[in-house]
Amino acid sequence: MRRSPALLGLPLLIIVAGCAPADTEPANVGPRVDQHEAFDQRATAVADGWRPDAAWAAGYVPLQEPTLLVGDAAFTEETKLAFNAGWYREQAVLPAGQPDDGTIRFPDGELRVPLITAVEAYQQLDQGDPPPCPGRPKEPGTPPPANPPDAPAGPDDPVSSEPQAACIPLTVTGVELGLAPVQTSRGAAQVPAWLFTVAEISAVVARVAVAPDAVGALPEPVAPTAPVAPDLVGAQDIQTVDGASLTYRLGVGSCDTEVTPLVQEHDHLVVVGGTVQRTSGACNDMLKFEPVTVTLRAPLGVRPVLDVLGGAPLRLAAG
């Protein structure tokens, strides 16, 4: 079972199309203080270095992973664990024939593309059977096994008798070729996908059916060469877009405080990042993702959102 994980499309992103303002000068959103000058300078360099190829505007360049949910899954702890890990078992006959070419429907037009078979899609979706899970039950919703009264507790022994999530696969009971909403470089598109019916959840699991040869790669980012200011942090991914409201996640230290989002908006792209207050005392090196929200001066539309540190376009978060 071989799923391409990094993506599992849990919440679906719908970007509201809109026209950006006519001027080309960057606009800064939020409070502006002297310490943000480093962000402004780096964001301008990132915007100046953005050079996407022809596929960005005319091809199929997805901005989220090829496995996603269509509908509300109503996950339990067990089924969410299985979905994120890619544990499936097949109890349906998968069509083996090669499908005809399909059509991707973008807001600005259509594109004919070759497709993969249902068998290939399932092989990409499925990451194998659940491994043994220390301290977890074999069936959902059952308490973990108890230690003998005189046995010392081990590092992997459960510390509670409350029911725990079992390591179980999701059962595929049907499959058909259809369409799934996918965020792309050309906006929200309807993309051919194999739609897998799963017994344990109420949503359909979609695996994009576009053949690899027809999938465009993200442009190589051009990161500025100037040193990074010590309080500047980069963006990891996009969580939601609602018109001009943009929520993204910053990568911050576990002891950082005063997390402040920063955005520089152009009519052809948006650059995001943030600043933090670093601790002066001892702290671990743990990275955490901090969601932040900014309001743009115009709906995002099809403009890419770039990270201020590396210059890469951000993708939709898996979940």
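Values reported hereafter were calculated over all heavy atoms of this structure, with side chains retained and with hydrogens, waters and symmetry mates removed.
- Side-chain contact between V198 and L170 is present, with at least one heavy-atom pair separated by less than 4.5 Å.
- Every residue was checked against the side-chain contact (heavy atoms from CB on, under 4.5 Å) condition with A57, not counting sequence neighbours, and none meets it.
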Exercise. Checking side-chain contact (heavy atoms from CB on, under 4.5 Å) for the pair L250/F289: CA distance, chi angles, key distance, verdict?
Worked result: CA-CA 5 Å; L250 293 171; F289 291 171; over 6 Å; no
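- Scanning for side-chain contact (heavy atoms from CB on, under 4.5 Å) contacts around L115 gives P99, V113, L177, P192, A209, with sequence neighbours left out.
- You'll find the side chain of L246 reaches within 4.5 Å of the side chain of V305, heavy atoms only.
- Put simply, the side chain of Q264 gets close to the backbone of D40: a donor and an acceptor are under 3.5 Å apart.
- Judged as a side-chain hydrogen bond (donor to acceptor under 3.5 Å, both in side chains), not a single pair has a partner in residues 46-63 (not counting sequence neighbours).
- Considering CG of L232 and CD of Q41, their distance stands at 11.0 Å, rounded to 0.5 Å.
- Listed here is the closest heavy atom pair of G273 and V308: CA-CG1, 3.8 Å.
- Within the 4.5 Å cutoff, the side chain of T275 has no heavy atoms near those of the V233 side chain.
- For Q190, the side-chain hydrogen bond (donor to acceptor under 3.5 Å, both in side chains) criterion is met by no residue, not counting sequence neighbours.
- Residues V292 and T247 fail the side-chain proximity criterion, which asks for heavy atoms closer than 4.5 Å.
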Donor-acceptor pairs are to be reported for all side-chain atoms of residues 213-223 against protein atoms at under 3.5 Å, with residues two or more places apart or in another chain.
none

Exercise. Step by step, would you call D237 with R249 a salt bridge (Lys or Arg N to Asp or Glu O under 4.0 Å)?
Worked result: CA-CA 6 Å; D237 52 36; R249 296 193 296 180; 2.7 Å; yes
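- Distance alone, capped at 3.5 Å, is enough to place a donor-acceptor pair between the S202 side chain and the A73 backbone.
- Looking at F75 and L69, their side chains come closer than 4.5 Å, going by heavy atoms from C-beta outward.
- If you take CD on E78 and CD1 on I168, they are separated by 5.5 Å, rounding to the nearest 0.5 Å.
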Problem set entry | CA sep, side-chain torsions, deciding dist, call: T173, T197, side chain to side chain donor-acceptor pair (under 3.5 Å) | CA-CA 6 Å; T173 58; T197 302; 5.1 Å; no
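- Distance alone, capped at 3.5 Å, is enough to place a donor-acceptor pair between the R303 side chain and the L300 backbone.
- Contact record, W87 with P131: CZ2-CD, 3.3 Å, taken as the closest heavy-atom pair.
- Listed by chain and number, the residues in a side-chain hydrogen bond (donor to acceptor under 3.5 Å, both in side chains) with Q236 amount to none (sequence neighbours excluded).
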Exercise. Taking it one step at a time, do V263 and L296 satisfy side-chain contact (heavy atoms from CB on, under 4.5 Å)?
Worked result: CA-CA 8 Å; V263 57; L296 305 176; 3.9 Å; yes
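- Side-chain contact of E120 with T117: a donor-acceptor pair under 3.5 Å is present, judged by distance alone.
- Qualifying salt bridge (Lys or Arg N to Asp or Glu O under 4.0 Å) partners for E176, counting only residues two or more places apart in sequence or in other chains: none.
- Between the Q64 side chain and the Q183 main chain, a donor and an acceptor come within less than 3.5 Å of each other.
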Exercise. Going through the checks in order, is the side-chain contact (heavy atoms from CB on, under 4.5 Å) test met by L316 and L63?
Worked result: CA-CA 6 Å; L316 174 65; L63 296 180; 5.9 Å; no
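- Residues A189 and T184 come closest through the heavy atom pair CB-CG2, 3.9 Å.
- In this view, T279 satisfies the side-chain hydrogen bond (donor to acceptor under 3.5 Å, both in side chains) rule with no residue, not counting sequence neighbours.
- Residues P181 and L68 come closest through the heavy atom pair O-CD1, 3.1 Å.
- Looking at every heavy atom in both residues, L269 comes nearest to A47 through CD1-CB, 3.7 Å.
- The side-chain heavy atoms of V270 and L306, taken from C-beta on, include no pair separated by under 4.5 Å.
- Side chains of V228 and L309 form a contact here, defined as non-hydrogen atoms less than 4.5 Å apart.
- Contact check for T293 versus P261: no side-chain heavy atoms found under the 4.5 Å cut-off.
- Residues forming a salt bridge (Lys or Arg N to Asp or Glu O under 4.0 Å) with D108 (at least two apart in sequence, or on another chain): R186.
- The list of salt bridge (Lys or Arg N to Asp or Glu O under 4.0 Å) pairs with a residue in residues 272-284, not counting sequence neighbours, reads D256-R278.
- Here the CZ atom belonging to F83 is positioned 13.0 Å from the CD atom belonging to E200, to the nearest 0.5 angstrom.
- Of the inter-residue distances, the one linking N84 atom CG with T67 atom OG1 reads 11.5 Å to the nearest 0.5 angstrom.
- The distance from the CD atom of E90 to the CZ atom of F196 is 8.5 Å, given to the nearest 0.5 Å.
- For Q239 against P291, the heavy-atom pair with the smallest separation is OE1-CB, 3.4 Å.
- By the rule that hydrophobic residues join a cluster once side-chain heavy atoms approach within less than 4.5 Å of another member, V210 and L179 end up as members of separate clusters.
- Under 3.5 Å, the side chains of T295 and S245 contain no donor-acceptor pair of N or O atoms.
- Residues V205 and L94 share a hydrophobic cluster, clusters being chains of Ile/Leu/Val/Met/Phe/Trp/Tyr side chains in contact below 4.5 Å.
- E290 places no side-chain N or O within donor-acceptor distance of the main-chain N or O of V259, the cut-off being under 3.5 Å.
- Here the CD atom belonging to E258 is positioned 6.5 Å from the OG1 atom belonging to T260, to the nearest 0.5 angstrom.
- Using a distance-only test at 3.5 Å, with no hydrogens or angles considered, no donor-acceptor pair links the side chain of D231 to the main chain of Q277.
- For residues 191-273, the pairs satisfying disulfide bond (SG atoms under 2.5 Å apart) are C255-C283, with sequence neighbours left out.
- With sequence neighbours excluded, no residue forms a side-chain hydrogen bond (donor to acceptor under 3.5 Å, both in side chains) with S185.
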